[in-house]
Amino acid sequence: MKFHIVTLGCKVNAYESEVIKENLVKHGYNYIEDETKSDILIINTCSVTNMADNKSKKMVRHAIRLGKIVIVCGCSSENNQNVYKEMGISILIGNKDKSKLHEYIEEYLKTKEAYSKFYDEETYDFESMMVDAFDSHTRAFVKIQDGCNNYCSYCIIPYVRKNVRSKDFNKTLEEVKMLVQHGHKEIVLTGILTGSYYSNGKTLADLIEEMSELEGLERIRISSIEVTELDEKMMQVIQNNKKVVNHFHIPLQAGSDTILKRMNRKYDLVYFKKKIEEIKNIKEDVSITTDVIVGHPYETEELFKETIKTCKEMGFSKIHVFPYSKRDGTPSSRMPEQVSDAEKKRRSRILNEVSKELEADFYQKHLNQIVEVLIEEVHDTESFGYTSNYIKVKVPKKLESNTFYKIKLIKYEESILVGECVENRVEN
C-alpha cells in the first residue's frame with residue numbers, strides 16, 4: 001500500500017515523521033510524494049498556536065474528503081481529542097506510539113474498525129525511535145529529548161508533550177554514528193527542551209563531546225536551547241569544540257522583565273544579556289537568533305517598545321515573531337488585559353521589520369568574506385547551502401550536494417547572500 005505524510009509544526013515532529021516513514025517502508029509500505037495517489041494519509045499535527053490547531057484540523061478534513069485511510073497523531077490530536085474523535089478518522093492517537101503505527105494499520109486493515117488510543121499518565125517514558133538516514137537533507141536531525149516542565153504561562157506544550165525525558169545516551173550515539181556512516185556531515189540535535197538532555201549520568205555537553213570524536217561528522221548544531229541551560233560546562237563546549245557551529249537559537253520571548261515574569265520565564269533581562277555577551281565573546285562571528293511573542297496579556301505599548309529596544313541591543317541576527325495565541329487551559333488565557341488581535345498583528349509587523357533590519361545588517365557584514373559553505377540544494381544553474389553561522393548562500397553554478405566549498409560572498413539579497421567559488425572543494 002502507498003502512504004503519504006503531512007508534517008505540521010516543529011523539528012521534533014519532522015523527526016518523528018521520518019521515523020514513521022522509515023518504519024512503514026521497512027514493513028512493506030511504499031512512500032509517495034503525491035497525496036492524491038496514496039492509500040493512506042498520515043497527518044502529524046501541531047498545537048503550538050490556534051493557527052496551528054486550525055491548520056491541523058483543516059488538513060484532516062481535506063484528507064477525509066479524499067477518501068483515504070486517514071491517520072492522525074501529534075500535539076493537536078492530543079490537545080483536542082474529542083474534536084478529532086468526531087471527524088471520522090481511521091486511526092487516531094496523540095504523541096505516544098508514533099513508532100507503532102504499522103501495528104495499528106495492520107489491525108485496521110483486518111477489522112476496518114476505527115481505532116483511537118490516548119494515555120492518561122502524567123509521565124511518559126522516552127519512546128524508542130531511530131532514523132537510519134534522511135533522504136532529503138544534508139543535515140540530519142536526531143531527537144534526543146521530549147517533554148517540558150517549564151510551564152510557561154502561555155504554552156500548551158507541557159500538557160500535550162508531558163514530562164521531560166531523554167533518549168538513552170548509548171542509543172543516541174549509535175543513531176548519530178549510523179547517520180554519519182550514511183553520509184550526513186551535519187547533525188542537528190533536537191527536542192522540546194533540548195538543553196535539559198540527561199541520560200546515563202551524561203548531559204548535552206557530554207553528548208556533544210563524544211559525538212565530536214566521530215570521523216566524518218563536521219558540524220554539530222542544536223536546534224534550540226534555553227538561556228538557563230547554558231551552564232559553565234556547556235559554555236566550555238561552545239568555546240572549545242570546533243565542530244559546534246557558531247549559530248545558536250535562544251528564545252527570548254519578551255524584552256521586558258514585566259512580561260517575562262507574567263510569562264513565568266525563568267530569567268530576567270540582566271541574566272539573558274549577560275549570557276548573550278558571553279557567547280559573543282567566546283565564539284567568533286556567532287549568529288544568535290531568537291523567538292519573541294508579541295501581545296501577551298499586560299503588554300502595553302510602552303512594554304512593547306521595551307522589547308524592540310532590547311532586541312536591537314542584543315543584536316540578534318533574526319527574530320522569529322509570534323503573535324500571542326490564547327491557549328485554553330494555560331494561565332495566560334485566564335489573565336485580564338488581553339491584547340486585541342488587530343494590535344497583535346500591528347506589533348508583529350513592526351517587530352518583523354526590526355528582524356529584517358537586523359538580519360540585513362548581519363548578512364552585509366559578511367560581504368567580501370570567504371566562508372565555508374555546506375551545499376544542500378542543487379539545481380541546473382544554481383546551488384544553495386549554509387555557513388556554520390546559518391547564513392543561506394546562493395552560488396549561480398551547479399555544485400555537488402553534501403559538499404563543502406570555499407565561497408566568496410559578493411552580493412546581498414533579502415535573507416540570502418550570493419557568492420562565487422574560490423576553491424572547488426573543501427576536504428574535511
Go through the steps to decide whether Tyr31 and Phe3 satisfy the test ring pair (Phe, Tyr, Trp, His ring centres under 6.0 Å), and finish with yes or no. CA-CA 5 Å; Tyr31 179 78; Phe3 72 97; 5.3 Å; yes
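- Annotation: cation-pi geometry not satisfied between Lys167 and Tyr197 (NZ/CZ under 6.0 angstrom from ring centroid, within 45° of ring axis).
- Looking at heavy atoms from C-beta onward, Val131 lies out of side-chain contact with Val142 at the 4.5 angstrom threshold.
- Judged by a 6.0 Å distance limit and a 45° cone about the ring axis, Lys96 is positioned over the six-membered ring of Tyr119.
- The salt bridge (Lys or Arg N to Asp or Glu O under 4.0 Å) analysis of residues 254-264, with sequence neighbours excluded, yields no pairs.
- Counting only N and O atoms by type, the side chains of Asn79 and Tyr159 include no donor and acceptor under 3.5 Å apart.
- Under the salt bridge (Lys or Arg N to Asp or Glu O under 4.0 Å) criterion, the residue pairs touching residues 310-322 are Lys273-Glu313, Lys309-Glu313, Lys318-Glu359, with sequence neighbours excluded.
- For the 3.5 Å distance criterion, the side chains of Ser56 and Thr45 fail to qualify, holding no donor opposite an acceptor.
- In this structure, a donor-acceptor pair under 3.5 Å is present between the side chains of Glu35 and His62.
- Remark: the Ser166 side chain and the Gln145 side chain contain no N/O donor-acceptor pair separated by less than 3.5 Å.
- Cation-pi check for Lys394 over Phe384 is not met; the charged atom does not lie both under 6.0 angstrom from the ring centroid and within 45 degrees of its normal.
- Shown here for Cys73 and Ile20, the closest heavy-atom pair between the two residues is SG-CD1, 4.4 Å.
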